[in-house]
Trainee: 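Please read through the structure below; I'll follow up with questions.
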Protein chains: 2
Amino acid sequence: MAAAAFLRHGKKIVAIGRNYADHVKELNNAIPKEPFFFLKPTTSYLPSGGNVEIPRGIVAHHEVELGLVIGKRGRDIAPADADAYIAGYALAVDMTARNLQDEVKKKGLPWSAVKGFDTFTPVSAFVPRAEVADAQNLNLSLKINGALKQSGNTSSMLFPIPRLLAHISSIMTLEEGDLVLTGTPSGIGPLKAGDAVECVLADPSGRQLATLSFGA
Amino acid sequence: MAAAAFLRHGKKIVAIGRNYADHVKELNNAIPKEPFFFLKPTTSYLPSGGNVEIPRGIVAHHEVELGLVIGKRGRDIAPADADAYIAGYALAVDMTARNLQDEVKKKGLPWSAVKGFDTFTPVSAFVPRAEVADAQNLNLSLKINGALKQSGNTSSMLFPIPRLLAHISSIMTLEEGDLVLTGTPSGIGPLKAGDAVECVLADPSGRQLATLSFGA
Ligand SMILES: [Mg+2]
Ligand SMILES: [Mg+2]
Ligand SMILES: [Mg+2]
């Protein structure tokens with residue numbers, strides 16, 4: 001299995017929460033002392049060009065995020081070794097049923113359903129690692145109907161990528177084809193039926209590494 | 001891919017919470033109005049005969065559960081059709097980092113880590129559907145060092161199997177090789193280093209359909 005085929009063969013999506021300070025503030029959450037994560041099912045993948053299905057009664061928020069595609073099995077990965085476990089990258093959106101999430105947070109219930117609806121992880125094509133000089137200095141943006149909603153740089157992560165892989169793999173083994181979502185910058189908000197979304201991952205020179213478009 | 005090889009090829013574990021009234025009471029939780037679930041990674045599987053690794057500082061509780069092995073892809077499965085999506089069964093233990101779970105419940109954080117450590121899903125061999133006359137009338141038991149800790153019958157589920165598959169698949173597509181854990185009866189408690197665990201799945205006549213043993 002090539003990591004490039006992660007959409008088809010990967011087994012899990014591990015998504016980090018609250019990893020950009022500006023986003024933590026906009027949701028009135030506390031800055032975490034250590035990284036935390038949740039799982040999304042791979043049945044939530046939506047390749048670029050598709051449509052997010054928003055279930056009746058759901059307020060579905062977009063969260064644009066850098067994805068790390070895992071290239072080999074790893075457990076207890078040392079931060080210094082983390083880079084060797086990354087086969088490449090993807091641009092993704094962690095769609096979230098925000099109104100349901102508010103309810104389950106109050107009740108102390110799992111996040112799996114509110115993050116796991118079919119089509120709730122729109123994702124770009126695979127970006128080979130060799131094309132990315134510094135994953136910790138990339139620009140992420142998301143526009144709805146042409147209006148810029150989210151714009152951030154991966155240098156603003158509270159916990160950098162090596163720390164994320166070390167934390168996750170101290171709990172669960174990462175496998176080839178797994179996708180790690182690294183958190184979202186501020187500007188999250190609802191997506192509505194008929195909206196057109198355009199996301200871009202670019203290096204500091206402005207060169208586009210990945211684009212992702214989808215409807216709702 | 002044959003569903004019988006779910007341990008190797010399955011992509012997700014969907015685990016139902018609070019599905020036996022006696023267990024809901026022992027944890028002082030509320031009886032749910034509809035089923036809820038969380039995801040466990042397949043990297044948490046531990047085949048029978050292995051050892052659960054209990055991380056330092058973790059209070060790891062056993063929850064013996066009937067597992068449903070999904071035989072074909074399904075979304076929005078009607079309760080009346082649910083049986084056709086089940087290729088077989090397995091006996092499993094949903095190991096839970098109870099002290100960490102108490103913390104994340106208070107904070108409204110995800111359950112993925114507390115349920116997802118490597119080795120936290122001990123599981124039996126596959127039981128083909130044809131060997132089970134009525135999955136809603138099976139005895140489950142768990143002994144530690146020979147002492148009976150959990151004993152229940154699947155007829156006590158608050159939400160029966162067809163309702164569980166309908167609920168899950170209304171949110172996320174189920175795929176061949178996925179495992180659905182159906183909740184635990186009362187008697188949960190901690191597992192300690194050196195403990196030997198023996199679980200049995202049997203039909204009402206006493207015929208054993210699956211056994212599962214593991215250490216800690
Ligand atoms: Mg969760
Ligand atoms: Mg997110
Ligand atoms: Mg359980």
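These values consider heavy atoms only, across backbone and side chains, with no hydrogens, waters or symmetry-generated copies. Order of the sequence lines fixes the chain letters, A, B, ..., with proteins taken first and strands second; residue numbering starts at 1 for each chain.
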Trainee: Please flag which part of A:K40 lies under 4.5 Å from any non-hydrogen atom of chain B: side chain, backbone, both or neither.
Mentor: backbone
Trainee: Does B:S112 reach the main-chain N or O of A:L39 with its side chain, forming a donor-acceptor pair under 3.5 Å?
Mentor: yes
Trainee: Short question: side chain of B:W111, backbone of A:F38 - any donor-acceptor pair under 3.5 Å?
Mentor: no
Trainee: For B:E175 and A:K11, run salt bridge (Lys or Arg N to Asp or Glu O under 4.0 Å): C-alpha distance rounded to whole Å, both residues' side-chain angles, the deciding distance at 0.1 Å, then the answer.
Mentor: CA-CA 12 Å; B:E175 297 180 297; A:K11 287 189 173 177; over 6 Å; no
Trainee: Given that the side chain runs from C-beta out, which part of A:P55 has a heavy atom under 4.5 Å from chain B: side chain, backbone, both or neither?
Mentor: neither
Trainee: Identify, with sequence neighbours excluded, every residue that meets salt bridge (charged side-chain N to carboxylate O under 4.0 Å, His left out) alongside A:E198.
Mentor: none
Trainee: Can you tell me how far apart CD1 (A:I171) and CZ (B:F117) are? Round to the nearest 0.5 Å.
Mentor: 5.0 Å
Trainee: Could you report the tightest heavy-atom contact between A:T43 and B:T173, atom names first, then the distance?
Mentor: CG2-O, 3.5 Å
Trainee: Contact part of A:E53 toward chain B, heavy-atom cut-off under 4.5 Å: side chain, backbone, both or neither?
Mentor: side chain
Trainee: Which bit of A:F37 comes within less than 4.5 Å of chain B, counting heavy atoms only: side chain, backbone, both or neither?
Mentor: both
Trainee: Which one, B:K107, B:R75, B:K106, leads in non-hydrogen pairs under 4.5 Å with chain A?
Mentor: B:R75
Trainee: Side chain, backbone, both or neither: which part of A:T42 has a heavy atom under 4.5 Å from chain B?
Mentor: side chain
